[in-house]
Amino acid sequence: MKLLTHNMLTSHVKGVTKGYPLLIKATEVKVNEVEFNPQFVSRMIPKLEWSALVQAADELGHRQDLPVELVPEYEKNEEFLKKVHRVLLEVEVIEGCLRCPESGREFPISRGIPNMLLNDDEV
Amino acid sequence: MTSNCRRPEHTAPPELFYNEVEAKKYSQNSRMIEIQTQMSERAVELLNLPEGQPCFLLDVGCGSGLSGDFLSEEGHYWVGVDISTAMLDVALDREVEGDLLVGDMGHGMPFRPGTFDGCISISALQWLCNADKRSHSPPKRLYTFFSTLYSSLSRGSRAIFQLYPENSEQLELITTQAMRAGFGGGMVVDYPNSSKAKKFFLCLFAGVIGSLPKGLGTETSDRAVSNQVQYSGQRCRFKGMKGKSAKKGRDWILEKKERRRRQGREVRVDTKYTARQRKPHF
């Protein structure tokens, strides 16, 4: 699971009002090399919850020098875009789980794939 | 899709039907791969994404990642959801570039509002129409799916579903729930006159009024004839239309004009130009 996906994931359990952001408990993390596409990263930044991204990167210990606040005029700032690219697309959680901040319900992650299947009473 | 003529949804629920054996076909059967790729190509075409821009897309029922691979080839980034772990395992082995999730369409899409620039789904939606458990209510599951999908799409984006509808009731069930969820759009049928090549694509628009794309294989034949043939072909296939003609077809328009004449209104004379296909304008 990449952090770009994690930034968009919420808990959709019935009755939960604040199922975002899901807290990551990772036992295995991998860093891949992914081709840098500044146009895509630039387009994704406005869609991100920046604080959730920083928090997630922190939880994985891969934040490095990602700033706490979004840098203004980032479209031309290639250095900044590269940092965002690394955190969004290159850091991957392989094993662990995602924890709902409201209910504590855990969604396991196995082989990089989170299991979002709900039980009958959660739908 | 399957070697026998039975519909897979009548055999078992998807998480059981798509086991290791079935999943293997998706990675080895070249004809299956070819068909799935072609349908993915057409679905992306119908998505009408802006040129030269990498987008963030959702693939519902991504399975072994055949459609996802096509999305990656086009330079897009994607997230795939599927209920079958066996199929997702094949996707992992094939080292697909998109992120994968195990999930049930009927539980809803677990994403923040406005996440995706578009959504495709190849050969998956018909699985939602069958109740695999006693607790399942297909209309409710369809509505849960469509309403959460609607919110997870950015305004102005589309969701394209290639599906194999069993009958007209199923189509109506699907489109009703999709409209309830806020989507606009409708069905696009490619090659409607060929039983073998015929493909159904449900094109849904999230938050924008658009004109429905034309189905392939409908432009070549003579206008008046093609309307009739296309129409009667569908009528033979789908019996359960409750005795009324399909909406907006030529017969429906003629009937409506008759109704209005009976009401005493002023109605234009019926000519050969009545119900002629006009160019979409808006």
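- For the set A:D120, A:N37, A:V123, A:L118, the entry with the most heavy-atom pairs within less than 4.5 Å of chain B is A:L118.
- Remark: B:K24 does not engage B:E20 in a salt bridge, criterion side-chain N to carboxylate O under 4.0 Å.
- In this structure, no portion of A:N32 lies under 4.5 Å from any heavy atom of chain B.
- Contact count versus chain A (heavy atoms, under 4.5 Å) is highest, among B:G103, B:G106, B:S152, for B:G103.
- Residue A:N115 touches chain B through both its backbone and its side chain, counting heavy-atom pairs closer than 4.5 Å.
- Taking both residues in full, the closest heavy atoms of A:L60 and A:A26 are given as CD2-CB, 3.5 Å, listed atom of the first, atom of the second, then distance.
- Only the side chain of A:R43 comes within less than 4.5 Å of a heavy atom of chain B; its backbone N, CA, C and O stay farther away.
- Per-residue heavy-atom pair counts under 4.5 Å with chain A were compared for B:I83, B:T148, B:L92, B:D104, and the maximum is reached by B:L92.
- Neither the backbone nor the side chain of A:I109 has a heavy atom closer than 4.5 Å to any heavy atom of chain B.
- Contact of B:Q53 with chain A is made through backbone and side chain together, with heavy-atom distances under 4.5 Å.
- With a 4.5 Å cut-off on non-hydrogen atoms, A:Y20 touches chain B through its side chain but not through its backbone.
- Interface residue A:E49: backbone and side-chain heavy atoms are both found under 4.5 Å from chain B.
- Comment: B:R42 engages B:E45 in a salt bridge, judged by a side-chain N to carboxylate O separation of less than 4.0 angstrom.
- Considering only heavy atoms from C-beta on, A:R111 stays 4.5 Å or farther from B:L100 through its side chain.
- By number of non-hydrogen pairs under 4.5 angstrom with chain A, the leading residue of B:P54, B:P110, B:S154 is B:P110.
- No side-chain heavy atom of B:P14 sits under 4.5 Å from any side-chain heavy atom of B:M105.
- Counting heavy atoms from C-beta outward, B:I174 and B:P165 have side chains that stay 4.5 Å or more apart.
- In this structure, A:R105 forms a cation-pi arrangement with A:F107, its terminal cationic atom sitting closer than 6.0 Å to the ring centre and no more than 45° off the ring axis.
- Cation-pi geometry between B:R155 and B:F116 is not met: the NZ or CZ atom fails to fall both under 6.0 Å from the ring centre and inside 45° of the normal.
- Across A:L48, A:N7, A:V13, A:V34, the residue that shares the most heavy-atom pairs under 4.5 angstrom with chain B is A:N7.
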